Each structure stands twice: as C-alpha cells, then as structure tokens.
Amino acid sequence: MDQVVLSYGDCLLRSSDVALLDGPHWLNDNIIGFIFEFLASTLAPSTAKRVALLSPEVSQFIKCCGNDVQEFLQPLDLPKKDLVLLPVNDNAGTEAGGTHWSLLAYLRSAREFLHYDSAPGTNAPHARLMARNLSSMLAGKPHYREEEAPAQHNSYDCGMYVVCVAQALCEQYFRGGNNLSLQIITPQYVTLKRSEWKEIIRGLGSHSKATCGP
C-alpha cells in the first residue's frame with residue numbers, strides 16, 4: 001500500500017515518493033516540490049519575503065502557458081522578489097513527466113536569469129522559454145545566461161542537483177550578492193543529501209503523528 005508519509009503545506013508525500021531518495025532514482029515533482037517548500041519555510045522572515053521558490057507545477061505552467069501567466073502569478077508578487085528559483089523540466093506537456101531537471105534562477109540585483117544544468121545544454125531550450133515567458137512581468141528585460149553548474153556523473157541525480165543548487169543559492173545570495181560558489185556540490189555531497197532529506201521527512205512525519213495522536 002502506497003501510504004501517506006507526510007503532509008506538509010501544499011505537499012503530500014507517499015512512501016513511493018520518499019523511496020526515490022534511496023537512489024538510484026530520478027526525483028519526481030512531489031519530492032522537489034516538498035524540498036522547495038521546506039527550504040522556503042526555513043528562511044528567516046526578513047529573507048523569506050525576498051525569495052520565491054516555485055513548485056514544479058507552477059514552473060511548468062509558466063513554460064507552457066506563455067503570456068497567460070501574468071494574472072495567475074500576480075499573487076506571488078515576483079517583480080518585488082530579489083531571488084526567484086524555478087525547477088525546469090524537459091517535459092513539453094502540462095502534466096508531470098519528462099526525463100531531466102535543471103534550475104533557473106532570477107537575480108533581481110543583476111537583472112539576469114541564470115540557468116544551472118547538471119547536464120550542460122540539455123534543458124537550455126526549456127529554460128529559455130520559461131525565462132522569456134516570465135520576463136514579461138519583470139522590470140528591466142532581464143538577460144539570460146547559461147551558468148557553470150556542478151555536473152552529475154550518472155543518469156538519475158539531476159533532481160538532486162537542482163535542490164542542492166537551490167539550497168546553496170538561498171544560503172549564499174543574501175550574504176555575498178552575485179558572488180555565488182557551488183564547489184561544495186560534488187557527487188559525494190549529493191549522495192549525502194539524499195540521506196539527509198530522507199531523515200528530514202522521517203522526522204517531520206514522526207512529529208506530525210505525535211502531534212495528531214493515535
């Protein structure tokens with residue numbers, strides 16, 4: 001039975017989702033969405049209001065729906081965010097799927113989109129489309145750039161590189177502006193993070209059960 005392991009904010013994780021963290025498995029929308037929501041919830045209040053970590057579903061909508069995104073995204077107040085992070089998927093449709101993840105970051109101070117792809121070039125067309133659709137609601141016509149990113153050494157860790165880079169950007173951006181370093185994100189680091197995220201989910205699930213009681 002694929003039981004519910006954790007309900008967290010807008011995210012619902014089942015045992016099959018959490019099992020993907022064991023590897024060697026490709027992360028799905030549910031795991032990436034949870035990690036983005038968890039990262040957002042752990043930011044200091046003064047920082048949280050300046051950052052937007054968008055879910056895979058919202059990011060895919062931005063990519064697929066062109067100029068129709070502005071009204072939908074208005075409540076997020078993205079033009080006032082200093083840092084916007086979006087997971088990019090190579091799926092051409094509006095539903096979950098695809099075979100590769102990467103990360104698109106918008107830095108308001110630089111008026112620039114940076115695309116971090118652990119398999120360089122693979123998701124560039126999708127990231128460019130997403131940036132173009134989002135630019136219509138951002139000031140200054142941001143530039144787009146393919147940024148050097150830590151490289152995956154297998155066929156399944158792309159999603160883990162997305163969440164690791166996203167976490168590093170959240171931690172570093174407000175300390176050092178545009179001087180961002182991702183050297184810590186090695187294959188060994190990514191493997192360790194799989195275990196860490198599984199423990200975080202287990203801990204949250206246990207706390208939730210204890211709070212709700214039998």
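This structure is a prediction, so every number in the text was calculated from the model and none was measured.
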J.: Which residue pairs pass the side chain to side chain donor-acceptor pair (under 3.5 Å) test when at least one of the two sits in residues 35-48, sequence neighbours left out?
T.: Tyr8-Ser41

J.: Give a yes or no on whether Gln183 atom CD has more than 12 heavy-atom contacts from other residues, nucleotides or ligands under 6.0 Å away.
T.: no

J.: Work out which heavy atom in Leu103 is nearest to a heavy atom in Pro87; give both atom names and the distance.
T.: CD1-N, 4.3 Å

J.: Does the Asp90 side chain pair with the main chain of Asn123, one donor and one acceptor, at a distance under 3.5 Å?
T.: no

J.: Which residues satisfy the side-chain contact (heavy atoms from CB on, under 4.5 Å) test with Asn30, sequence neighbours excluded?
T.: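 Residues passing side-chain contact (heavy atoms from CB on, under 4.5 Å) with Asn30: Leu13, Asp17, Asn28.
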
J.: Just wondering, do Asp29 and Ser55 contact through their side chains at under 4.5 Å, heavy atoms?
T.: no

J.: What I want to check is whether the side chains of Glu146 and His115 have a donor and an acceptor closer together than 3.5 Å.
T.: yes

J.: Show your working on salt bridge (charged side-chain N to carboxylate O under 4.0 Å, His left out) between Asp22 and Arg194 and close with a plain yes or no.
T.: CA-CA 7 Å; Asp22 288 331; Arg194 281 184 177 269; over 6 Å; no

J.: Taking all atoms of both residues into account, what is the closest heavy-atom pair of Met160 and Val163, and its distance?
T.: O-CG2, 3.2 Å

J.: If you take the centroid of each ring, where Trp contributes its six-membered ring, are Tyr161 and Trp101 closer together than 6.0 Å?
T.: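 Judged by ring-centre distance (under 6.0 Å), Trp101 and Tyr161 do not meet the cut-off.
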
J.: Does the side chain of Tyr144 come under 3.5 Å of the side chain of Ser135 through a donor N or O and an acceptor N or O?
T.: no

J.: Keeping to residues at least two apart or across chains, list the salt bridge (charged side-chain N to carboxylate O under 4.0 Å, His left out) pairs with something in residues 3-14.
T.: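 For residues 3-14, and leaving out neighbouring residues, there are no salt bridge (charged side-chain N to carboxylate O under 4.0 Å, His left out) pairs at all.
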
J.: Regarding His126 and Asn91, is there a side-chain donor-to-acceptor distance under 3.5 Å anywhere?
T.: no

J.: Could you tell me which non-hydrogen atom of Leu43 sits nearest to which non-hydrogen atom of Cys170, and how far apart they are?
T.: CD2-CB, 4.2 Å

